Protein chains: 2
Amino acid sequence: MSLKHAILGFLSFSPAPMSGYDLKKAFDHSVRHFWPANQSQIYRTLAALTDEGLVAVDVVEREERLDMKLYQITDNGRTELHRWLSTPLPPQDCREPLLIQVFFGHNLTDTELLAVLQHEAQAIEERLALYAQIYTASLEMFNQEHGFDPRTLFLRLLTLEFGMISNQAGLDWLRAGITRLQAGDYTPAELHTLLGGNQEDNE
Amino acid sequence: MSLKHAILGFLSFSPAPMSGYDLKKAFDHSVRHFWPANQSQIYRTLAALTDEGLVAVDVVEREERLDMKLYQITDNGRTELHRWLSTPLPPQDCREPLLIQVFFGHNLTDTELLAVLQHEAQAIEERLALYAQIYTASLEMFNQEHGFDPRTLFLRLLTLEFGMISNQAGLDWLRAGITRLQAGDYTPAELHTLLGGNQEDNE
DNA sequence: AGATACTATAGTACAAGTGCTATATATTGA
DNA sequence: TCAATATATAGCACTTGTACTATAGTATCT
């Protein structure tokens with residue numbers, strides 16, 4: 001389960017032990033663009049990780065208030081994290097409900113279909129704007145934080161780059177589709193226009 | 001649930017009623033690149049759709065052999081399908097386990113990280129080759145099948161185009177990342193190189 | 001001063017969707 | 001004879017999501 005390893009990742013990176021609450025914030029601030037996690041999921045997974053001995057809990061009792069549980073990664077946890085990080089993933093299959101709408105879109109009028117596509121295009125534009133904002137904000141933040149390993153920063157920004165590049169590709173696709181639909185131009189695209197994007201010979 | 005509507009889509013398109021087995025084949029042949037479905041899931045969902053009155057069953061009894069159930073979409077089913085197809089989807093959030101590996105990749109050596117990335121690049125290349133193959137095959141098949149509505153064909157091919165474009169974008173991203181890692185070049189990308197892909201003014 | 005809302009903190013219960021595996025049995029093809 | 005195709009279903013487990021329950025401090029608004 002990837003969520004387990006994301007949690008291990010945060011714990012392995014953090015110098016101080018973290019509570020479930022801390023982790024929830026960490027997820028929301030830094031990885032929600034590719035791995036959203038909700039509260040209960042995090043607490044459940046922490047419990048499971050504890051059972052498996054991959055993290056260790058320190059229960060901080062506080063008079064009157066609820067206990068606070070602080071989690072640390074164990075040696076076994078680090079080993080498992082390293083194993084998972086360095087193991088290629090099994091092929092993922094994608095799920096794009098929008099494509100179901102397109103595939104069966106012959107049931108709709110042009111107007112109806114265009115409305116759906118344009119709505120989606122707008123949603124992507126908003127997401128792109130948000131990503132761009134987070135990207136520059138991260139850059140600034142890390143510029144100030146002296147001593148932050150540049151390779152670590154690079155890798156984190158790379159995940160944002162992915163979000164932008166792939167959303168931009170989706171937006172390009174949508175726009176081209178919209179244009180063709182509006183023009184009633186149903187000639188299929190040539191293969192070579194679809195493939196071999198930014199060739200930067202890498203072999 | 002999108003699967004329900006994909007099934008309704010197939011049933012609404014097919015001139016003849018379909019069995020669960022037929023549907024499984026239809027999924028595998030035409031939409032598995034954006035909505036894979038396994039057998040038990042299809043049968044379960046057909047049962048649910050029947051309960052909801054969106055499809056109607058015709059049980060064909062066959063001596064000796066198991067019964068065969070043939071499904072047809074009902075009027076309610078068509079209405080529901082149309083409603084769903086023409087309603088914009090709530091925002092989807094993406095889940096990319098590879099990005100977890102990248103995000104926490106500072107735990108790995110360059111060699112380890114590169115191995116993971118290159119493995120993924122190769123998987124994407126294979127997928128792209130497969131898509132290209134399916135794309136040309138579909139084109140040929142539909143060229144022969146006279147009387148196939150060109151708009152319908154266009155929309156179906158569009159879903160394949162999406163698969164190719166977005167995988168190509170992912171591949172470009174991977175290659176650029178690999179190159180930068182190999183060169184030890186950790187300077188973040190400029191925003192404008194990430195956004196505003198194929199501008200084809202559409203407003 | 002009092003009401004209201006938000007943050008910090010941890011959980012529980014339940015449902016939906018998916019995946020994997022196994023069970024049947026008949027026909028057809030190699 | 002062995003394998004594949006046609007056909008339907010049941011059971012269990014995993015992951016995620018949604019909503020609800022608690023409680024104490026802090027901040028804000030009137």
Side-chain angles (χ1 to χ4, degrees), chain A residues 1-8 16-29 31-32 34-52 55 57-71 84 89-97 100, chain B residues 1-8 16-29 31-32 34-52 55 57-71 84 89-97 100:
Chain A
M1 174 172 40
S2 312
L3 180 60
K4 272 185 190 168
H5 298 95
I7 290 179
L8 290 177
M18 300 174 81
S19 67
Y21 191 83
D22 293 333
L23 279 163
K24 169 63 175 156
K25 274 188 301 181
F27 270 83
D28 286 349
H29 291 147
V31 302
R32 77 163 176 289
F34 59 85
W35 208 272
N38 67 20
Q39 210 196 8
S40 51
Q41 220 183 325
I42 288 176
Y43 284 110
R44 267 178 302 193
T45 307
L46 279 170
L49 285 168
T50 310
D51 286 349
E52 296 172 58
V55 305
V57 204
D58 181 23
V59 181
V60 181
E61 308 199 8
R62 305 176 295 179
E63 350 76 42
E64 307 289 332
R65 303 189 58 173
L66 277 178
D67 289 354
M68 181 169 56
K69 299 191 177 175
L70 291 174
Y71 294 87
W84 186 82
L89 298 158
Q92 312 291 313
D93 38 34
C94 92
R95 264 162 212 284
E96 285 288 344
I100 302 186
Chain B
M1 175 176 34
S2 311
L3 180 60
K4 273 186 190 169
H5 297 95
I7 290 180
L8 290 177
M18 300 174 83
S19 68
Y21 191 81
D22 293 333
L23 279 163
K24 170 62 174 157
K25 274 188 302 181
F27 270 83
D28 286 349
H29 291 147
V31 302
R32 76 162 178 289
F34 58 85
W35 207 272
N38 68 18
Q39 213 195 5
S40 50
Q41 222 184 325
I42 288 176
Y43 284 108
R44 267 178 302 195
T45 307
L46 279 170
L49 285 168
T50 309
D51 285 350
E52 295 172 59
V55 303
V57 204
D58 181 23
V59 181
V60 180
E61 308 198 7
R62 303 176 297 180
E63 348 79 41
E64 308 289 331
R65 304 188 59 173
L66 277 178
D67 289 354
M68 181 170 56
K69 299 191 177 176
L70 291 174
Y71 294 87
W84 186 82
L89 299 158
Q92 312 291 313
D93 38 35
C94 91
R95 263 162 213 286
E96 285 286 346
I100 302 185

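Bear in mind the structure is a predicted one, so any value in this text is a computation, not a measurement. Protein chains get the first letters and strands the later ones, always in sequence-line order, with residue 1 at the start of each.
- Here the shortest heavy-atom pairing between Lys4(B) and Thr45(B) reads CG-CG2, 3.6 Å.
- dA16(C) atom C1' lies 15 Å from atom NE2 of His5(B), rounded to whole Å.
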Side chain to side chain contact (heavy atoms under 4.5 Å, CB included) evaluation trace for Ser40(B) with Ile42(B): CA-CA 5 Å; Ser40(B) 50; Ile42(B) 288 176; over 6 Å; no
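- Rounded to whole Å, the distance from CG on Asp58(A) to P on dT9(C) is 14 Å.
- Residues Gly20(B) and Leu46(B) come closest through the heavy atom pair CA-CD1, 3.7 Å.
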Trace of the side chain to side chain contact (heavy atoms under 4.5 Å, CB included) decision for Leu49(B) with Leu8(B): CA-CA 9 Å; Leu49(B) 285 168; Leu8(B) 290 177; 4.2 Å; yes
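- Note that the two end axes of the helix from dA1(C)-dT30(D) to dA30(C)-dT1(D) enclose an angle of 30°, each drawn from 5 base pairs, rounded to 10 degrees.
- Summarising the geometry, the separation between CG on Leu46(A) and C1' on dT9(C) is reported as 13 Å, rounded to the nearest angstrom.
- Rounded to whole Å, the distance from CD1 on Ile42(B) to P on dA6(D) is 14 Å.
- Going from atom CZ of Phe34(B) over to atom C1' of dT18(C) covers 18 Å, rounded to whole Å.
- Across Val57(B) and Lys69(B), no two heavy atoms sit closer than the pair CG1-CB, 3.7 Å.
- Lys24(A) places its NZ atom 13 Å from the P atom of dT7(C), with the value rounded to the nearest Å.
- Between Tyr43(A) and Tyr21(A), the closest heavy-atom pair is OH-N, 3.5 Å.
- Taking every heavy atom of both residues into account, Trp84(A) and Pro97(B) meet most closely at CH2-O, 4.0 Å.
- To the nearest angstrom, C1' of dT9(C) lies 15 Å from CD of Glu61(A).
- Between Ala37(B) and Asp28(B), the shortest heavy-atom contact is O-OD1, 4.3 Å.
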Under 4.0 Å protein heavy-atom contacts per nucleotide of nucleotides 7-17 of chain D, with B for base, S for backbone only and - for none: BBBB----SBB
